[in-house]
Amino acid sequence: MVLVGALCPAAAQAQDAAPSPRALATGLHISDGRLVEGNGNDFVMRGVNHAHTWYPGRTQQSLADIKAMGANTVRVVLADGHRWSADSAADVANVVAQCKANRLICVLEVHDTTGYGEDTAAGTLDQAADYWIGLKDVLAGQENYIVVNIGNEPWGNTSPEGWTDPTIAAIKKLRNAGFQHTIMVDAPNWGQDWQGVMRASARSVYAADPTGNLIFSIHMYSVYDTAAEITDYLNAFVDAKLPILIGEFGGPADQWGDPDEDTMMAAAQQLELGYLAWSWSGNTDPVLDLTLNFDPAQLSSWGQRIFNGVNGIAQTAKEATVYGGGTPGDTQAPTAPGTPTASTVTATSAALAWTAATDNVGVSGYDVVRISGTTETAVGASTTNTATVTGLTANTAYTFAVYARDAAGNRSARSATVDVTTGSAPPVACSVGYRVVGEWQGGFQGEIALRNTGTSVISGWKLGFAFTDGQTVTNMWGGTATQTGGTVSVAPASYTSTIPAGGSVTVGFIGSKGATNTAPTAFTLNGGACATT
């Protein structure tokens, strides 16, 4: 994962001619621009990355835990000996065996190539290809279960156009050595392709594989902070029938920006593309650890989002049919879950539990929905008969229900509903100053100064207020506004997300208005009341 830049526009487009038909692999392979299993069934990766080469003693339990959380795939960090001690053939064979024992598809990647051309410690794709060839006896015959990711983020930000030829050469080297596996290639620019090199040369790289069993991997971090950037990039490949997945991504804001993980996951679900979140644990950066201390009972907020959030793993993952998942011919839906009951209701969350559904093959998970009139909105998912719904508004009535689903994707009838009213949020140590900077016919400029009056840092926040005269926020800086009717919710920009004790941040905006422009009189921060100044 790394940094900087803005996506290239139309100059870096994947061409739109469909790939020519190629010979199919014996296992996982590419068909019509999509990853499919040996039996032709679509396989959509839903999983995470695990840093095996740095934490080999954690792998056996981690793979079991990752499976228990609902994942169908794990991407495993290996080393070829250039930068870190090489993982031996016996070690890799054991990793593959553990993946199979836990009914996970295994993406194996060499991490030593990370940032080549910019990081002097990085190895080459040619060296990585030699490492894979040395493992051929271990990997041959495992085409149903593994994908070979030649090298992680194999080029930095320096002259990324140099990525194309070594990538083609490494692909040909593996094919000439007899590899029949689906091969995965990562993008340059530390995996993020913000200069569009992989996007522009994808057709020629794909054509270099005589089997056609090649999939592109884009890593989405802070470069991908808008919905347009994400959907534009993914759709360029889908429209060209070039296979792609999100091989790594993060959600929490970092010093370079705030990735839009909600759009990444929603787009992947809509386009039926795989995604693999970074990373299970041990990242030495708790912001991107899905679990703390490799403990699935200690999911971080990032982990909760990935596993149990909307479009998350628990809600969308389907086990590979090679392991029996999605049993062919299974058309029987589970029974409806029992009526949910609510407990531990706070100002912003509610814990729900229900009687488990039954199924002729087995229930694989549950989807929790919020109901408003005839509208349903997915708010969470779980592999058990309990879930905690978060992100609620204080002093607000909600109605929830639950669906069950099986591995084949059959969905039950909806459960009966439960009504929940959230509690009052405690006051927050904050104050808000609101002022109109200037007005003109039909519009105005406003400014909101948010001060932390407490003794601890505020990291990440959501500011709420309401207009009473039909005003609408049309443009904002320092934050992002979401408005429903007169109610406005503001999330911070990357540079305003942290407010030190005694410090403040300022958000400015342009709004539309009618004849009157009454200022909001009340503000909340993370659901709690703020003083006004």
Side-chain angles (χ1 to χ4, degrees), residues 13-47 71-75 104-109 142-150 171 175 179-187 193 198-199 201-220 230-249 264-276 311 313 315-323 325-328 407-409:
Q13 296 290 323
Q15 299 175 31
D16 59 6
S20 58
R22 310 289 183 86
L24 297 182
T26 56
L28 288 160
H29 61 275
I30 303 301
S31 177
D32 198 29
R34 300 192 57 76
L35 180 66
V36 300
E37 294 188 69
N39 60 9
N41 284 11
D42 249 20
F43 182 69
V44 180
M45 293 185 180
R46 289 285 184 269
N72 63 20
T73 305
V74 62
R75 181 171 178 258
L104 291 163
I105 295 300
C106 201
V107 178
L108 303 175
E109 60 102 341
Q142 303 299 328
E143 292 86 355
N144 276 309
Y145 308 99
I146 67 172
V147 172
V148 176
N149 189 177
I150 304 178
I171 294 165
R175 294 305 186 207
F179 276 72
Q180 294 298 312
H181 310 72
T182 291
I183 290 175
M184 184 181 294
V185 294
D186 284 7
D193 201 30
M198 184 172 83
R199 181 171 169 175
S201 58
R203 172 67 57 223
S204 61
V205 173
Y206 186 87
D209 184 350
T211 74
N213 296 308
L214 183 77
I215 187 167
F216 296 93
S217 173
I218 182 67
H219 293 184
M220 290 187 164
I230 295 161
T231 57
D232 179 63
Y233 195 94
L234 296 177
N235 275 301
F237 281 78
V238 172
D239 292 346
K241 294 189 180 296
L242 287 166
I244 191 168
L245 85 160
I246 306 174
E248 283 186 24
F249 70 109
M264 295 176 202
M265 296 167 72
Q269 182 65 10
Q270 178 188 6
L271 298 171
E272 297 182 296
L273 303 179
Y275 67 64
L276 303 172
N311 297 313
I313 286 172
Q315 188 180 82
T316 66
K318 296 181 181 180
E319 186 178 84
T321 60
V322 72
Y323 295 125
T327 305

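No donor-acceptor pair closer than 3.5 Å links the side chain of Asn41 to the backbone N or O of Glu37. Side-chain atoms of Arg203 never come within 3.5 Å of backbone atoms of Ala207 as a donor-acceptor pair (strictly under, hydrogens ignored). Between the side chain of Asp193 and the backbone N or O of Arg199, at least one donor-acceptor pair lies under 3.5 Å. In this structure, Asn72 contributes its side chain and Ala320 its backbone to no donor-acceptor pair below 3.5 Å. When atom types are taken as modelled, the side chain of Gln315 and the backbone of Asn311 share a donor-acceptor pair closer than 3.5 angstrom. A donor-acceptor pair is defined here as one N or O able to donate and one able to accept, closer than 3.5 Å; no such pair exists between the side chain of Tyr275 and the backbone of Gly47. Without hydrogens or angle criteria, His181 side chain to Phe179 main chain gives no donor-acceptor distance under 3.5 Å.
Within the 4.5 Å cutoff, no side-chain heavy atoms of Met265 are placed close to those of Ile313. Between Met184 and Leu214 there is no side-chain heavy-atom pair separated by less than 4.5 Å. Side-chain atoms of Leu273 and Val44, non-hydrogen and from C-beta on, never get closer than 4.5 Å to each other. Side-chain atoms of His29 and Phe43, non-hydrogen and from C-beta on, never get closer than 4.5 Å to each other. At a threshold of 4.5 Å between non-hydrogen side-chain atoms, the residues Ile183 and Ile150 count as touching. When side chains are defined from C-beta on, Val147 counts as touching Leu28, because their heavy atoms get closer than 4.5 Å.
Contact detail for Ser204 and Ser201: the closest heavy-atom pair is OG-O, 2.9 Å. Listed here is the closest heavy atom pair of Ala267 and Ile230: CB-CG2, 4.5 Å. Of all heavy-atom pairs spanning Tyr206 and Gly212, the tightest one is OH-O, 2.6 Å. Closest non-hydrogen pair, Asn213 versus Ile30, comes out as OD1-N, 2.9 Å.
A side chain to side chain contact (heavy atoms under 4.5 Å, CB included) with Leu276 is found for exactly one of Met45, His219, Glu248, namely Met45. Screening Asp42, Ile244, Ile105, Thr182 for a side chain to side chain contact (heavy atoms under 4.5 Å, CB included) involving Leu35 leaves a single residue, Thr182.
Asp186 CG to Phe216 CZ: the interatomic distance, rounded to the nearest 0.5 Å, is 11.5 Å. The line from CD of Glu319 to OG1 of Thr73 is 10.5 Å long, rounded to the nearest 0.5 Å. For the atom pair Asn149 CG and Leu108 CG, the distance stands at 9.0 Å (nearest 0.5 Å). For the atom pair Glu109 CD and Ser217 OG, the distance stands at 9.5 Å (nearest 0.5 Å).
Arg175 and Thr211 form a side-chain donor-acceptor contact under 3.5 Å, judged by distance and modelled atom types alone.
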* CA sep, side-chain torsions, deciding dist, call: Arg46, Lys318, side-chain contact (heavy atoms from CB on, under 4.5 Å) -> CA-CA 8 Å; Arg46 289 285 184 269; Lys318 296 181 181 180; over 6 Å; no
